[in-house]
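Scroll down for the structure; my scribbles are underneath it.
What you see is a predicted model; the values in this text were computed from it and never measured.
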Amino acid sequence: MHELPPDPRVAADVRPVVGHLGDRPPTYDAEPAALPSATSENLEGLVPDTVSDGARYGTYTLRAASVRGDSARFRGEPRRDGLLTARFGEAESALVLVAVAGGRRDGEAAHLAAADACRWIGGAVARSHLRLSEDIRAGRRGDLKSGLHRLTDRTYGKLRARAAELGVEPDAYTASLRCLLLSADPDCRTRVFFGVGSGGLFRLRDGLWQDLEPFIPEGGGAGRAAWPASAQEAGPDGDRLTMDLQITGPATPDVEGPPQPPAEPFRFRASVARPGDTLMLCSNGLAEPMRGEPALPGELAERWGSAGPPGLPAFLADTQLRIKGYADDRTCAAVWEA
(Lines give C-alpha, C1' and ligand atoms only; values in the text may rest on other atoms or scores of the structure.)
Protein backbone atom coordinates (compact mmCIF):
# COMPACT_ATOMS: atom_id res chain seq x y z
CA MET A 1 0.00 0.00 0.00
CA HIS A 2 1.33 3.40 -0.97
CA GLU A 3 1.22 6.17 1.60
CA LEU A 4 -0.63 9.30 0.63
CA PRO A 5 1.51 12.42 0.35
CA PRO A 6 1.15 14.86 3.25
CA ASP A 7 -1.64 17.38 3.00
CA PRO A 8 0.03 20.63 1.85
CA ARG A 9 -2.40 22.64 3.97
CA VAL A 10 -1.21 20.84 7.10
CA ALA A 11 2.43 21.35 6.13
CA ALA A 12 1.79 25.05 5.63
CA ASP A 13 0.32 25.29 9.13
CA VAL A 14 3.53 24.08 10.79
CA ARG A 15 5.96 26.03 8.61
CA PRO A 16 7.55 28.91 10.57
CA VAL A 17 5.95 32.19 9.56
CA VAL A 18 7.46 35.65 10.00
CA GLY A 19 4.72 37.54 11.81
CA HIS A 20 4.38 41.09 13.09
CA LEU A 21 3.37 42.69 16.37
CA GLY A 22 1.09 45.68 16.72
CA ASP A 23 -2.09 46.78 14.98
CA ARG A 24 -0.50 47.40 11.59
CA PRO A 25 2.18 45.56 9.63
CA PRO A 26 5.43 47.37 8.81
CA THR A 27 5.68 49.35 5.58
CA TYR A 28 7.98 46.94 3.80
CA ASP A 29 7.35 43.34 2.78
CA ALA A 30 8.46 40.54 5.06
CA GLU A 31 10.59 38.83 2.41
CA PRO A 32 13.65 40.01 0.43
CA ALA A 33 13.00 42.13 -2.64
CA ALA A 34 16.06 43.71 -4.31
CA LEU A 35 19.57 42.27 -4.31
CA PRO A 36 22.54 44.57 -3.66
CA SER A 37 24.28 45.87 -6.77
CA ALA A 38 27.24 43.73 -7.86
CA THR A 39 30.19 44.23 -10.20
CA SER A 40 33.12 42.06 -11.19
CA GLU A 41 35.24 43.90 -8.61
CA ASN A 42 33.00 43.56 -5.53
CA LEU A 43 31.95 39.92 -5.65
CA GLU A 44 34.16 39.00 -2.69
CA GLY A 45 32.39 41.60 -0.57
CA LEU A 46 28.86 40.34 -1.20
CA VAL A 47 27.03 39.02 1.86
CA PRO A 48 23.90 36.84 1.88
CA ASP A 49 20.56 38.22 3.03
CA THR A 50 20.35 35.74 5.92
CA VAL A 51 22.69 33.43 7.82
CA SER A 52 21.88 31.09 10.71
CA ASP A 53 23.85 28.68 12.86
CA GLY A 54 23.59 26.60 16.01
CA ALA A 55 25.40 24.19 18.30
CA ARG A 56 25.12 22.28 21.58
CA TYR A 57 27.94 21.89 24.11
CA GLY A 58 27.99 21.05 27.78
CA THR A 59 24.77 22.30 29.37
CA TYR A 60 23.80 24.86 26.73
CA THR A 61 22.28 25.09 23.27
CA LEU A 62 23.26 27.95 20.97
CA ARG A 63 21.18 29.54 18.22
CA ALA A 64 22.41 32.44 16.07
CA ALA A 65 21.04 34.35 13.08
CA SER A 66 21.69 37.52 11.11
CA VAL A 67 19.01 38.96 8.80
CA ARG A 68 19.02 41.92 6.45
CA GLY A 69 16.58 44.60 7.59
CA ASP A 70 13.32 45.31 5.80
CA SER A 71 14.58 48.69 4.59
CA ALA A 72 17.81 47.26 3.16
CA ARG A 73 15.86 44.45 1.49
CA PHE A 74 13.59 46.96 -0.21
CA ARG A 75 16.39 49.30 -1.32
CA GLY A 76 18.80 46.60 -2.45
CA GLU A 77 21.41 47.48 0.16
CA PRO A 78 23.74 44.87 1.74
CA ARG A 79 23.28 43.50 5.23
CA ARG A 80 25.49 45.71 7.42
CA ASP A 81 25.55 43.34 10.38
CA GLY A 82 28.22 40.67 10.66
CA LEU A 83 28.02 37.34 12.51
CA LEU A 84 30.76 34.85 13.36
CA THR A 85 30.28 31.57 15.23
CA ALA A 86 33.41 29.49 15.78
CA ARG A 87 34.82 26.73 17.99
CA PHE A 88 38.47 26.67 18.96
CA GLY A 89 40.06 23.61 20.55
CA GLU A 90 38.74 20.17 21.40
CA ALA A 91 36.77 18.35 24.09
CA GLU A 92 36.21 20.10 27.42
CA SER A 93 38.86 22.75 26.78
CA ALA A 94 37.11 23.92 23.59
CA LEU A 95 35.97 27.52 23.46
CA VAL A 96 32.99 28.80 21.45
CA LEU A 97 33.01 32.40 20.21
CA VAL A 98 29.99 34.30 18.94
CA ALA A 99 30.81 37.72 17.48
CA VAL A 100 28.12 40.20 16.38
CA ALA A 101 29.18 43.36 14.55
CA GLY A 102 27.02 46.25 13.35
CA GLY A 103 28.28 48.62 10.66
CA ARG A 104 27.27 52.26 10.37
CA ARG A 105 23.95 52.94 8.67
CA ASP A 106 25.43 55.63 6.45
CA GLY A 107 28.65 53.79 5.56
CA GLU A 108 29.03 52.44 2.04
CA ALA A 109 31.52 49.86 3.28
CA ALA A 110 29.68 49.15 6.54
CA HIS A 111 29.21 45.47 5.72
CA LEU A 112 32.92 45.10 5.00
CA ALA A 113 33.90 46.76 8.28
CA ALA A 114 31.52 44.48 10.19
CA ALA A 115 32.96 41.40 8.49
CA ASP A 116 36.51 42.55 9.21
CA ALA A 117 35.68 43.18 12.88
CA CYS A 118 34.25 39.65 13.25
CA ARG A 119 37.15 38.04 11.40
CA TRP A 120 39.86 39.92 13.28
CA ILE A 121 38.43 39.36 16.75
CA GLY A 122 37.96 35.72 15.76
CA GLY A 123 41.61 35.44 14.81
CA ALA A 124 42.71 37.09 18.04
CA VAL A 125 40.59 34.74 20.17
CA ALA A 126 41.79 31.73 18.15
CA ARG A 127 45.43 32.56 18.93
CA SER A 128 44.65 32.96 22.65
CA HIS A 129 41.94 30.34 23.07
CA LEU A 130 43.89 27.98 25.33
CA ARG A 131 44.62 30.68 27.89
CA LEU A 132 41.10 32.13 27.62
CA SER A 133 39.54 28.71 28.11
CA GLU A 134 41.66 28.10 31.22
CA ASP A 135 40.79 31.53 32.64
CA ILE A 136 37.06 31.00 32.11
CA ARG A 137 37.05 27.55 33.69
CA ALA A 138 39.14 28.80 36.63
CA GLY A 139 37.05 31.95 37.11
CA ARG A 140 39.97 34.36 36.61
CA ARG A 141 37.79 37.38 35.97
CA GLY A 142 40.54 40.00 36.15
CA ASP A 143 42.77 38.18 33.67
CA LEU A 144 39.83 37.72 31.31
CA LYS A 145 38.88 41.37 31.46
CA SER A 146 42.36 42.70 30.75
CA GLY A 147 43.15 40.09 28.10
CA LEU A 148 39.93 40.58 26.17
CA HIS A 149 40.34 44.35 26.38
CA ARG A 150 43.73 44.02 24.67
CA LEU A 151 42.34 41.73 21.95
CA THR A 152 39.49 44.17 21.31
CA ASP A 153 41.94 47.08 21.15
CA ARG A 154 43.98 45.29 18.52
CA THR A 155 40.89 44.57 16.44
CA TYR A 156 39.97 48.26 16.43
CA GLY A 157 43.57 49.15 15.66
CA LYS A 158 43.30 47.01 12.52
CA LEU A 159 40.05 48.72 11.58
CA ARG A 160 41.74 52.11 11.90
CA ALA A 161 44.66 50.90 9.79
CA ARG A 162 42.25 49.66 7.15
CA ALA A 163 40.49 53.03 7.14
CA ALA A 164 43.86 54.71 6.54
CA GLU A 165 44.53 52.36 3.61
CA LEU A 166 41.17 53.33 2.11
CA GLY A 167 41.84 57.03 2.68
CA VAL A 168 38.78 57.57 4.90
CA GLU A 169 38.27 58.80 8.45
CA PRO A 170 38.47 56.11 11.16
CA ASP A 171 34.80 56.53 12.07
CA ALA A 172 33.83 55.87 8.44
CA TYR A 173 35.22 52.32 8.60
CA THR A 174 34.24 50.88 11.96
CA ALA A 175 31.56 48.78 13.62
CA SER A 176 30.04 47.98 16.98
CA LEU A 177 31.38 44.65 18.21
CA ARG A 178 29.83 42.44 20.85
CA CYS A 179 30.96 38.91 21.69
CA LEU A 180 30.16 35.88 23.81
CA LEU A 181 32.69 33.29 24.96
CA LEU A 182 31.26 29.93 26.01
CA SER A 183 33.21 27.01 27.43
CA ALA A 184 32.43 23.49 26.17
CA ASP A 185 33.13 22.12 29.65
CA PRO A 186 29.81 20.85 31.09
CA ASP A 187 31.01 21.76 34.60
CA CYS A 188 31.60 25.41 33.62
CA ARG A 189 28.59 27.71 33.63
CA THR A 190 30.50 30.99 33.31
CA ARG A 191 29.39 32.98 30.25
CA VAL A 192 31.62 35.87 29.19
CA PHE A 193 30.42 38.94 27.29
CA PHE A 194 32.70 41.68 25.96
CA GLY A 195 32.65 44.34 23.30
CA VAL A 196 32.37 47.96 22.24
CA GLY A 197 29.47 49.99 20.88
CA SER A 198 25.70 49.70 20.62
CA GLY A 199 23.56 46.61 20.91
CA GLY A 200 22.02 44.60 23.70
CA LEU A 201 22.62 41.87 26.27
CA PHE A 202 19.46 40.42 27.81
CA ARG A 203 18.66 37.45 30.01
CA LEU A 204 15.36 35.61 30.32
CA ARG A 205 15.10 34.23 33.86
CA ASP A 206 11.96 32.98 35.60
CA GLY A 207 9.80 34.31 32.77
CA LEU A 208 11.16 37.89 32.90
CA TRP A 209 13.68 39.62 30.69
CA GLN A 210 16.54 41.44 32.40
CA ASP A 211 18.51 44.12 30.56
CA LEU A 212 22.05 43.33 31.66
CA GLU A 213 23.60 46.44 30.18
CA PRO A 214 23.19 49.86 31.83
CA PHE A 215 22.48 52.81 29.60
CA ILE A 216 25.54 55.02 29.14
CA PRO A 217 24.49 58.66 28.75
CA GLU A 218 26.13 60.90 26.17
CA GLY A 219 29.49 62.01 27.49
CA GLY A 220 30.24 58.72 29.22
CA GLY A 221 29.66 57.34 32.66
CA ALA A 222 27.46 54.38 33.48
CA GLY A 223 23.83 55.01 34.30
CA ARG A 224 20.80 52.87 34.95
CA ALA A 225 19.23 50.93 32.14
CA ALA A 226 16.07 52.30 30.59
CA TRP A 227 13.89 49.36 31.69
CA PRO A 228 11.61 49.38 34.74
CA ALA A 229 13.22 48.41 38.01
CA SER A 230 11.28 45.13 38.03
CA ALA A 231 13.09 44.10 34.87
CA GLN A 232 16.53 44.91 36.25
CA GLU A 233 18.74 42.43 37.99
CA ALA A 234 17.77 41.89 41.60
CA GLY A 235 20.03 42.56 44.53
CA PRO A 236 22.86 40.26 45.61
CA ASP A 237 21.77 36.65 45.36
CA GLY A 238 25.08 34.87 45.56
CA ASP A 239 25.63 35.31 41.83
CA ARG A 240 28.54 37.69 42.26
CA LEU A 241 30.02 37.37 38.80
CA THR A 242 26.68 38.15 37.23
CA MET A 243 26.27 41.25 39.34
CA ASP A 244 29.63 42.71 38.35
CA LEU A 245 29.38 44.62 35.08
CA GLN A 246 32.60 46.31 34.04
CA ILE A 247 32.65 49.35 31.75
CA THR A 248 36.17 50.62 31.34
CA GLY A 249 37.74 53.60 29.61
CA PRO A 250 39.90 54.12 26.55
CA ALA A 251 42.13 51.45 25.18
CA THR A 252 45.74 50.97 26.04
CA PRO A 253 48.05 53.00 23.76
CA ASP A 254 50.16 50.14 22.38
CA VAL A 255 47.75 49.07 19.63
CA GLU A 256 48.20 48.74 15.90
CA GLY A 257 47.16 51.46 13.45
CA PRO A 258 46.96 55.26 13.53
CA PRO A 259 46.34 57.25 16.72
CA GLN A 260 43.02 56.33 18.26
CA PRO A 261 40.08 58.76 18.33
CA PRO A 262 38.11 59.10 21.59
CA ALA A 263 37.14 55.55 22.44
CA GLU A 264 33.76 54.16 23.32
CA PRO A 265 33.69 52.24 26.60
CA PHE A 266 34.86 48.65 26.64
CA ARG A 267 32.15 46.47 28.14
CA PHE A 268 32.79 43.25 30.02
CA ARG A 269 30.62 40.87 31.99
CA ALA A 270 31.29 37.40 33.34
CA SER A 271 28.02 35.80 34.45
CA VAL A 272 27.13 32.49 36.04
CA ALA A 273 24.24 30.83 34.23
CA ARG A 274 21.43 28.98 35.98
CA PRO A 275 19.42 26.08 34.57
CA GLY A 276 16.48 27.51 32.64
CA ASP A 277 18.19 30.81 31.73
CA THR A 278 18.23 32.14 28.19
CA LEU A 279 20.98 34.67 27.45
CA MET A 280 20.57 36.82 24.33
CA LEU A 281 23.22 38.97 22.65
CA CYS A 282 22.02 41.15 19.77
CA SER A 283 22.84 44.02 17.47
CA ASN A 284 21.12 47.38 17.78
CA GLY A 285 18.48 46.41 15.23
CA LEU A 286 16.97 43.99 17.77
CA ALA A 287 18.06 45.75 20.96
CA GLU A 288 16.05 48.88 20.08
CA PRO A 289 12.65 47.16 19.77
CA MET A 290 13.47 44.96 22.78
CA ARG A 291 13.81 48.16 24.83
CA GLY A 292 11.20 50.25 23.03
CA GLU A 293 8.29 47.87 22.33
CA PRO A 294 7.06 45.82 25.33
CA ALA A 295 5.19 43.46 23.01
CA LEU A 296 8.43 42.04 21.61
CA PRO A 297 10.12 40.88 24.85
CA GLY A 298 6.72 39.63 25.98
CA GLU A 299 6.26 37.53 22.86
CA LEU A 300 9.80 36.15 22.96
CA ALA A 301 9.45 35.30 26.65
CA GLU A 302 6.34 33.29 25.84
CA ARG A 303 8.00 31.51 22.93
CA TRP A 304 11.34 30.82 24.62
CA GLY A 305 10.42 30.58 28.28
CA SER A 306 9.39 26.96 28.76
CA ALA A 307 9.49 25.01 25.49
CA GLY A 308 13.28 24.84 25.28
CA PRO A 309 15.46 25.98 22.39
CA PRO A 310 13.72 26.20 19.02
CA GLY A 311 15.09 24.68 15.85
CA LEU A 312 16.96 26.91 13.42
CA PRO A 313 13.93 27.74 11.18
CA ALA A 314 11.75 28.62 14.18
CA PHE A 315 14.52 30.68 15.79
CA LEU A 316 15.00 32.59 12.55
CA ALA A 317 11.28 33.35 12.39
CA ASP A 318 11.24 34.41 16.06
CA THR A 319 14.08 36.89 15.64
CA GLN A 320 12.31 38.44 12.63
CA LEU A 321 9.11 39.35 14.50
CA ARG A 322 8.35 42.61 12.74
CA ILE A 323 7.27 45.88 14.35
CA LYS A 324 6.35 49.04 12.47
CA GLY A 325 9.11 51.62 12.74
CA TYR A 326 11.96 49.12 13.17
CA ALA A 327 13.50 48.14 9.83
CA ASP A 328 17.23 47.69 10.54
CA ASP A 329 19.31 44.52 10.26
CA ARG A 330 18.83 42.08 13.12
CA THR A 331 21.58 39.85 14.42
CA CYS A 332 21.06 37.72 17.47
CA ALA A 333 22.66 34.87 19.41
CA ALA A 334 20.75 33.12 22.18
CA VAL A 335 21.99 30.51 24.66
CA TRP A 336 19.56 28.13 26.40
CA GLU A 337 20.79 26.60 29.65
CA ALA A 338 19.76 23.05 30.59
Salt bridge (charged side-chain N to carboxylate O under 4.0 Å, His left out) partners of Glu31, counting only residues at least two apart: none

Phe266 and His149 aromatic ring geometry - parallel, tilted or perpendicular at 30°/60° bounds: parallel

For Leu312, the rest of its hydrophobic cluster, which grows through side-chain links under 4.5 angstrom: none

Ser283: side chain to side chain donor-acceptor pair (under 3.5 Å) partners, not counting sequence neighbours: Asp81

Those residues that, when tested against Ser176, pass side chain to side chain donor-acceptor pair (under 3.5 Å) (two or more places apart): Ser198

Glu299 vs Leu21 side-chain heavy atoms within contact, under 4.5 Å: yes

Nearest-0.5 Å distance, CG of residue Leu112 to CG of residue Leu159: 11.5 Å

Arg80 side-chain N/O to Gly69 backbone N/O, donor-acceptor pair under 3.5 Å: no

Contact check, side chains of Arg303 and Pro310, non-hydrogen atoms, under 4.5 Å: no

Pair Glu293-Met290, side-chain contact (heavy atoms from CB on, under 4.5 Å): steps then yes or no: CA-CA 6 Å; Glu293 295 290 338; Met290 279 291 291; over 6 Å; no

Cys118 versus Ala101, closest heavy-atom pair with distance: SG-CB, 3.7 Å

Joint hydrophobic cluster, Leu204 plus Phe202, side-chain heavy atoms closer than 4.5 Å: yes

Where Gly122 and Phe88 come nearest, the two heavy atoms and their spacing: O-CZ, 3.5 Å

Residue pairs involving residues 51-61 (criterion salt bridge (charged side-chain N to carboxylate O under 4.0 Å, His left out); sequence neighbours excluded): none

Where at least one partner belongs to residues 123-132, residue pairs that pass side chain to side chain donor-acceptor pair (under 3.5 Å), sequence neighbours excluded: Arg131-Asp135

Beyond-backbone contact of Phe315 with Cys332, side-chain heavy atoms, under 4.5 angstrom: yes

Atom pair CG (Asp211) and CD (Glu213), whose distance is rounded to the nearest 0.5 Å: 7.0 Å

Leu46: hydrophobic cluster co-members (side-chain, 4.5 Å): Leu43

Spacing of Trp120 atom CH2 and Leu151 atom CG [to the nearest 0.5 Å]: 15.0 Å

Leu181 CG to Leu95 CG distance, which is reported to the nearest 0.5 Å: 5.0 Å

Polar side-chain atom of Ser146 near backbone of Asp143 as donor-acceptor pair, under 3.5 Å: yes

For the student: nearest non-hydrogen atoms of Ala334 and Trp304, plus distance: CB-CZ3, 4.3 Å

salt_bridge(Arg87, Glu90) N-O dist < 4.0 Å: yes

Test item: Arg178 side-chain N/O and Gly197 main-chain N/O as donor-acceptor pair under 3.5 Å: yes

Within-4.5 Å side-chain heavy-atom neighbours: Phe193 and Cys179: no

All pairs passing salt bridge (charged side-chain N to carboxylate O under 4.0 Å, His left out) where residues 327-338 contributes a residue, at least two apart: Arg105-Asp328, Arg189-Glu337, Arg191-Glu337

Residues forming a side chain to side chain donor-acceptor pair (under 3.5 Å) with Thr278, sequence neighbours excluded: Trp336

Mutual orientation of the aromatic rings belonging to Tyr60 and Tyr57 [parallel < 30°, tilted 30-60°, perpendicular > 60°]: tilted

Residues that Pro313 engages under side chain to side chain contact (heavy atoms under 4.5 Å, CB included), provided they are two or more places apart: Pro16

Donor-acceptor contact below 3.5 Å, side chain Arg205 vs main chain Gln210: no

Pairwise side-chain contact, His111 with Arg79, heavy-atom cut-off 4.5 Å (strictly under): no

Side chain proximity check, Leu296 to Leu286, heavy atoms < 4.5 angstrom: yes

Heavy-atom closest pair, residues Gly82 and Ala114: N-CB, 3.8 Å

Residue pair Arg104, Thr174: steps toward the side chain to side chain donor-acceptor pair (under 3.5 Å) verdict: CA-CA 7 Å; Arg104 291 173 49 123; Thr174 191; over 6 Å; no

side-chain contact (heavy atoms from CB on, under 4.5 Å) between Glu134 and Ser93, worked out: CA-CA 7 Å; Glu134 292 174 2; Ser93 63; over 6 Å; no

Joint cluster assignment, Val47 & Leu177, ILVMFWY side-chain distance < 4.5 Å: no

Those residues that, when tested against Tyr173, pass side chain to side chain donor-acceptor pair (under 3.5 Å) (two or more places apart): Asp116

Intermediate values then yes/no, side-chain contact (heavy atoms from CB on, under 4.5 Å), Leu166 and Val168: CA-CA 6 Å; Leu166 296 173; Val168 299; 4.2 Å; yes

Atom pair CG (Leu300) and CE (Met280), whose distance is rounded to the nearest 0.5 Å: 6.0 Å

4.5 Å side-chain heavy-atom contact, Leu182 and Leu97: no

Closest non-hydrogen atom pair between Ile121 and Ala99, with its separation: CG2-CB, 4.0 Å

ILVMFWY cluster membership beyond Leu316 - transitive side-chain contacts under 4.5 angstrom: Val67

Non-hydrogen atoms of Asn284 and Gly199 that approach each other most closely: OD1-N, 3.6 Å

Modelled atom types, side-chain donor and acceptor of Arg68 and Thr50, under 3.5 Å: no

Pair Val192-Arg269, side-chain contact (heavy atoms from CB on, under 4.5 Å): steps then yes or no: CA-CA 6 Å; Val192 175; Arg269 174 184 287 272; over 6 Å; no

From CG (Leu83) to OG (Ser52), nearest 0.5 Å: 9.0 Å

Verdict with supporting geometry, Arg322 and Asp70, salt bridge (charged side-chain N to carboxylate O under 4.0 Å, His left out): CA-CA 9 Å; Arg322 304 166 71 238; Asp70 291 347; 3.0 Å; yes

Contact check, side chains of Phe268 and Leu144, non-hydrogen atoms, under 4.5 Å: yes

